[in-house]
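The structure appears below as structure tokens.
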Amino acid sequence: MAIEGADIVQAAAYIGASLAMGLGALGPGVGEGMAAAKTCEAIGKNPKEAGLLTRTMLVGQAVTESTGIYSLVIALLLLFVVV
Amino acid sequence: MDFEIQTWVKMSAFAGGGIAMGLGAIGAAVGEGNAAQSANQAISRQPELSGEILKTLLVGQAIAESAAIFALVVAMTLLFSTFSADSIMVSVVMSAGLAMGLGAIGSGAGSGLPAGSACTGISRQPKMSSKITTNMLIGSAVCQTPSIFALVTAFILLFTTFSGRPVSPTWAAIMGAGLAVGLASIGSGLGGGLVAEKSCEGIARQPNSSGSTTMLMLLAQAVTQTPTIYGLLVAFILLFKSSPAADSIAPAIALLGSGLCMGLGAIGPGWGIGYSGGMAVRWSARNEKAVTDITKVMLLGQAGVSSTAIYSLLIALVLIFIA
């Protein structure tokens with residue numbers, strides 16, 4: 001098996017993309033879960049504000065999502081643009 | 001050092017067996033310890049119920065134990081089977097061990113949680129003990145799903161013949177499949193446990209709500225399994241899609257990376273979906289009027305949490321099919 005420099009660079013880009021997206025999904029997954037959990041709690045305590053709480057949850061989750069999207073962008077860059 | 005292939009396969013099988021049992025023991029031990037802690041607190045509150053609480057504790061611990069027993073079965077299979085002297089078997093046995101070892105962590109730790117909260121619940125509402133125990137049994141049984149996926153993958157790995165396929169990059173596809181299922185099971189196993197824990201607590205607080213609480217628990221637990229199912233999907237694609245022989249290392253790393261990406265990417269969403277499901281179950285038990293609203297918001301929130309798992313699935317599929 002002959003391994004050349006370009007081959008190693010390609011392999012590093014693949015493993016980098018995989019780690020970027022894999023590890024990058026950890027934080028948003030946990031964070032958005034907390035937002036959703038506390039929204040359910042708040043609606044349980046104050047059902048009248050369900051609409052407002054849902055809206056706030058969605059905005060919060062959208063912002064939390066951004067780091068996941070950064071990971072996705074970096075992974076796609078590594079796969080299709082950089083190498 | 002010039003070993004024969006047979007020696008390499010044996011070494012890998014022994015190491016894989018050690019990894020399967022070593023990692024597989026973590027979850028069940030933590031979960032059962034957690035259950036015993038809650039049972040002790042419950043008995044100190046209501047010493048006269050010690051018989052009932054001890055019975056529930058033992059039943060709950062027995063279910064939490066099953067993840068570790070799956071790991072023991074796979075470890076024993078790896079130690080005492082004879083594998084063909086084929087260089088692909090080196091990665092097959094290692095991957096089976098990794099899949100089962102990692103896959104047992106979440107389910108073991110998760111299914112200890114409902115056992116603990118069932119003991120606490122019985123000390124609060126002794127009259128509801130049979131309903132609480134039934135709910136705990138259903139909840140912790142569903143918690144075992146991720147570890148069962150890992151067991152199935154480990155056995156598929158051990159009993160499929162890979163000999164006709166090129167060693168490179170098939171070795172990486174096989175390792176990737178094990179990592180995808182094993183890592184993805186961690187989050188969903190823990191998450192399913194969080195849901196079941198809160199539902200036992202909810203039934204103890206509001207006995208009237210037991211029917212709707214169990215239903216919502218099953219719904220939330222089903223959604224919690226989605227990240228693991230993505231992991232299983234990626235693993236099956238990796239196992240059953242044959243790749244052309246490649247001399248270079250890049251195609252192999254792409255397949256390995258695909259499994260790693262899906263496995264790691266499913267941990268956070270699995271936990272997050274479970275945590276939000278647990279809170280929804282807890283508060284819908286306390287406030288019956290808000291059940292519809294809470295269920296709707298729970299599903300909406302869980303859909304948001306799933307999105308990062310879907311990004312991981314996307315990158316994993318790109319790595320398999322395009323890279």
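Letters A, B, ... are given to chains in the order of the sequence lines, protein chains preceding strands, and every chain is numbered from 1. Here the structure is a predicted model, which means the values were calculated and not measured.
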**Message:** How close do A:G29 and B:V305 get, counting heavy atoms only, and between which atoms?
**Reply:** O-CG1, 3.4 Å

**Request:** Report the distance from atom CD of A:E41 to atom CZ of B:R286, rounding to the nearest 0.5 Å.
**Result:** 8.0 Å

**Prompt:** Between atom CD1 of A:I74 and atom CD1 of B:I315, what is the distance when rounded to the nearest 0.5 Å?
**Reply:** 11.0 Å

**Request:** Name the region of A:L19, side chain, backbone, both or neither, that has any atom closer than 4.5 Å to a heavy atom of chain B.
**Result:** side chain

**B:Y275 side chain near A:V30 side chain, heavy-atom distance below 4.5 Å** = no

**Request:** Give, for atom OG1 of B:T292 and atom CD1 of A:I43, the distance between the pair rounded to the nearest 0.5 Å.
**Result:** 11.0 Å

**Asked** Any side-chain heavy-atom pair from B:L256 and A:Y14 closer than 4.5 angstrom?
**Response** no

**Asked** Do A:E65 and B:S307 have side-chain atoms, one donor and one acceptor, less than 3.5 Å apart?
**Response** yes

**Prompt:** What part of A:Q61 is in contact with chain B, defined as an atom under 4.5 angstrom from a non-hydrogen atom: side chain, backbone, both or neither?
**Reply:** side chain

**Prompt:** Does atom NZ of B:K296 have more than 12 heavy-atom neighbours from other groups under 6.0 Å away?
**Reply:** no

**Options A:P28, A:S71, A:A37, ranked by heavy-atom pairs under 4.5 Å with chain B, top entry** = A:A37

**Item:** Part of A:M34 within contact of chain B (heavy atom distance under 4.5 Å)
**Value:** both

**Request:** Could you have a look at A:A42, A:G33, A:A62, A:G31 and say which one has the most heavy-atom pairs with chain B under 4.5 angstrom?
**Result:** A:G33

**Prompt:** Nearest 0.5 Å, what's the OG1-CH2 distance between A:T39 and B:W283?
**Reply:** 13.0 Å

**Asked** Do you know which of B:S312, B:S306, B:G265, B:A250 has the most heavy-atom pairs under 4.5 Å to chain A?
**Response** B:A250

**Asked** Could you state the interatomic distance from OG (A:S18) to CG (B:L260), rounded to the nearest 0.5 Å?
**Response** 4.0 Å

**Prompt:** Do you know the tightest heavy-atom contact between A:P47 and B:D293?
**Reply:** O-OD2, 4.2 Å

**Request:** Counting only heavy atoms closer than 4.5 Å, note whether A:L58 contacts chain B via side chain, backbone, both or neither.
**Result:** side chain

**Asked** Do any N or O atoms from the side chain of A:E32 and from the backbone of B:G272 form a donor-acceptor pair under 3.5 angstrom?
**Response** no

**Message:** As an exercise: rank B:A266, B:G274, B:G301 by heavy-atom pairs under 4.5 Å with chain A and give me the winner.
**Reply:** B:G301

**Request:** Under 4.5 Å, counting heavy-atom pairs only, tell me which of B:V291, B:L300, B:T295 racks up the most with chain A.
**Result:** B:L300

**Fill in**
Max heavy-atom pairs within cutoff under 4.5 Å with chain A, candidates B:V318, B:V297, B:L183, goes to B:V297

**Request:** Please flag which part of A:L79 lies under 4.5 Å from any non-hydrogen atom of chain B: side chain, backbone, both or neither.
**Result:** side chain

**Request:** Check for a donor-acceptor pair, side chain of A:D7 on one end and backbone N or O of B:S248 on the other, with a separation under 3.5 Å.
**Result:** no

**Prompt:** How many angstroms lie between CE in B:M298 and SG in A:C40, if you round to the nearest 0.5 Å?
**Reply:** 7.0 Å

**Prompt:** Is the backbone of A:A36 close enough, under 3.5 Å, to the side chain of B:S276 for a donor and an acceptor to pair up by distance?
**Reply:** no

**Request:** Mark yes when over 12 heavy atoms from residues, nucleotides or ligands other than B:F321 sit less than 6.0 Å from its CZ; otherwise mark no.
**Result:** yes

**Message:** Is any side-chain heavy atom of B:T308 closer than 4.5 Å to one of A:L26?
**Reply:** no

